[in-house]
Colleague: 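The structure that follows is given in the form of structure tokens.
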Amino acid sequence: MVKRIVVVFLMLFTAGCAARDPQVHKHDKFTKHYEESLFEVTKDGLFSVEMVIKDHELRTGVNMLDLVIHDRNDRDVTGGVITVTPWMPDMGHGVFDKPVVTERGGGLYTVENIILTMSGYWQLKVDIKWGDTVVTADSVVFEFPDVKVDRGHEHKMTKAPADLDLSDEKLTDNKIFSISYKSMSEPVPINRIHTWELSVKTADSRPVSGADISLDGDMPEHGHGMPTQPEVTGDLGKGKYLVEGIKFSMPGWWVMKFNIKAGDREDSVTFNLMLKE
């Protein structure tokens, strides 16, 4: 259905807005061209944004939609820099993978890879930058109060075991390293960015310097990840590393996985946290 919509839009917009859908509705100085589209004007009134979604609604999993964007004089916005950001206000997080925006011509943009990880209240923020010498920028937020689960794309969710290991010091999976963490904020905060100190030692407790460390976090019971992308930003010496940008968006069971590479040795470790309000 979405592909059909894109094809129809391309036919209508290849030559600009000269060809119009016969069902045209005026919104002050802006024009809505499609009866069943969502239509909003940006907050400073610089652009109109018309949104067409498959089956007229978003669902969990991978979504795709089309945007038709015009300026305040109702002209096609071509060559614009368009960014679409999904956000879940009640949970305080967005998505890991960024939506991909492709310009189709005549003010039409296709937005793919909109991956919504859970049902509930979502927003899609559309940011627009347009112009060469003088750049015009504005934004608009589309509200989706009740995104439902698409059973065909439902994320696997795992219930927390009764004997959940909450240790803050562990051997890595293959027993190559001994890893421990310490939050710089105690107790570990919810919905606030904070910092950890990670300690990396050999299995016989010798500090490991110069390690290459990557990490990831998620909520197995909810099927979504973190709202930020934390990373190791400094080697503090004596096997200690600074981890910045950590944010847990809600209470419950969180999993943090660290991948450690030092020389020709590589291993990983997973920590469990049970956070409370």
Side-chain angles (χ1 to χ4, degrees), residues 83 85-88 91-100 113 115 117-118 155-161 163-276:
T83 306
T85 305
W87 184 254
M88 233 185 163
M91 299 300 179
H93 68 74
V95 295
F96 273 126
D97 298 314
K98 294 181 180 180
V100 178
N113 200 47
I115 304 175
T117 54
M118 61 189 298
H155 285 241
K156 183 178 179 181
M157 300 181 189
T158 306
K159 184 174 174 134
D163 58 347
L164 191 64
D165 182 1
L166 298 175
S167 304
D168 58 10
E169 182 172 4
K170 287 183 177 182
L171 286 173
T172 51
D173 296 344
N174 296 311
K175 299 181 170 50
I176 296 176
F177 304 109
S178 174
I179 311 295
S180 64
Y181 73 86
K182 179 175 69 174
S183 172
M184 299 293 98
S185 301
E186 291 291 347
V188 175
I190 296 172
N191 218 17
R192 180 161 60 87
I193 295 177
H194 62 288
T195 302
W196 281 12
E197 181 183 277
L198 193 72
S199 174
V200 181
K201 299 178 182 179
T202 61
D204 57 358
S205 299
R206 289 178 289 119
V208 176
S209 298
D212 183 10
I213 304 170
S214 60
L215 66 147
D216 196 4
D218 67 75
M219 285 197 94
E221 289 183 309
H222 291 265
H224 66 76
M226 304 179 76
T228 56
Q229 295 180 319
E231 60 182 348
V232 174
T233 58
D235 186 337
L236 305 176
K238 298 183 179 179
K240 297 188 183 301
Y241 298 83
L242 190 67
V243 185
E244 295 187 292
I246 297 173
K247 182 179 180 181
F248 302 110
S249 54
M250 61 188 294
W253 175 30
W254 286 88
V255 170
M256 293 289 285
K257 182 175 182 179
F258 292 86
N259 298 296
I260 301 98
K261 184 176 182 181
D264 59 354
R265 299 169 299 170
E266 187 172 359
D267 210 349
S268 60
V269 66
T270 300
F271 292 101
N272 296 294
L273 298 91
M274 187 62 74
L275 301 183
K276 298 180 180 179

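Keep in mind that this is a model prediction, so the values were computed, not measured.
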Colleague: For Ile260 versus Ala211, what's the shortest heavy-atom pair and its separation?
Modeller: CG2-CB, 4.2 Å
Colleague: Do Leu236 and Glu197 make a side-chain contact, defined as non-hydrogen atoms from C-beta onward lying under 4.5 Å apart?
Modeller: yes
Colleague: So which heavy atom on Ser209 is nearest to which on Gly239, and how close?
Modeller: OG-N, 4.0 Å
Colleague: Got a sec, which residues hit side chain to side chain donor-acceptor pair (under 3.5 Å) with Thr202, two or more places apart in sequence or on another chain?
Modeller: Asp204
Colleague: Please list all pairs passing the side chain to side chain donor-acceptor pair (under 3.5 Å) test where one or both residues lie in residues 237-248, with sequence neighbours left out.
Modeller: Thr233-Glu244
Colleague: Keeping the roles fixed (side chain from His194, backbone from Ile246), state whether a donor-acceptor pair exists under 3.5 Å.
Modeller: yes
Colleague: Where is the tightest heavy-atom contact between Trp196 and Met256, given as atom of each residue plus distance?
Modeller: CH2-CG, 3.9 Å
Colleague: Work out which heavy atom in Leu171 is nearest to a heavy atom in Val269; give both atom names and the distance.
Modeller: O-CG2, 3.8 Å
Colleague: Indicate yes or no: at least one non-hydrogen side-chain atom of Leu273 is less than 4.5 angstrom from one of Val188.
Modeller: yes
Colleague: Taking the side chain as everything from C-beta on, heavy atoms only, tell me whether Lys182 gets closer than 4.5 Å to Asp168.
Modeller: no
Colleague: Evaluate the side-chain proximity of Arg192 to Phe248: yes if any heavy-atom separation is below 4.5 Å, no if none is.
Modeller: no
Colleague: When rounded to the nearest 0.5 angstrom, what distance separates CD1 in Ile213 from CD in Glu231?
Modeller: 12.0 Å
Colleague: Taking side chain to side chain donor-acceptor pair (under 3.5 Å) as the definition, give me every residue that meets it alongside Asp173, ordered by chain and number, with sequence neighbours left out.
Modeller: Ser268
Colleague: Nearest 0.5 angstrom please: Ile193 CD1 to Thr228 OG1, how far?
Modeller: 6.0 Å
Colleague: Just wondering, do Trp254 and Leu275 contact through their side chains at under 4.5 Å, heavy atoms?
Modeller: yes
Colleague: Does the side chain of Val232 come within less than 4.5 Å of Leu242's, by heavy atoms?
Modeller: no
Colleague: Under 3.5 Å, is there a donor-acceptor pair between the side chain of Ser183 and the main chain of Ser185?
Modeller: yes
Colleague: Report the residues that fulfil side chain to side chain contact (heavy atoms under 4.5 Å, CB included) with Pro251, sequence neighbours left out, ordered by chain and then residue number.
Modeller: Ile190, Glu277
Colleague: Would you say that Val243 contacts Thr195 through its side chain, given a criterion of any heavy-atom pair below 4.5 Å between the two side chains?
Modeller: no
Colleague: Applying salt bridge (charged side-chain N to carboxylate O under 4.0 Å, His left out), name anything that partners Asp165, two or more places apart in sequence or on another chain.
Modeller: Lys170
Colleague: Scan the side chains in residues 174-181 for donor-acceptor partners under 3.5 Å anywhere in the protein, sequence neighbours excluded, and list what turns up.
Modeller:
from: Asn174; atom 1: ND2; to: Asp267; atom 2: OD1; distance (Å): 3.3

Colleague: How many angstroms lie between atom OG1 of Thr270 and atom CG of Leu215, to the nearest 0.5 angstrom?
Modeller: 11.5 Å
Colleague: If you define the side chain from C-beta out and look only at heavy atoms, does anything of Met91 sit under 4.5 Å from Met250?
Modeller: yes
Colleague: Please report the C-alpha distance between Lys98 and Asn113 in whole Å, then the side-chain angles of each, then the deciding distance to 0.1 Å, and finally whether the side chain to side chain contact (heavy atoms under 4.5 Å, CB included) criterion is met.
Modeller: CA-CA 7 Å; Lys98 294 181 180 180; Asn113 200 47; over 6 Å; no
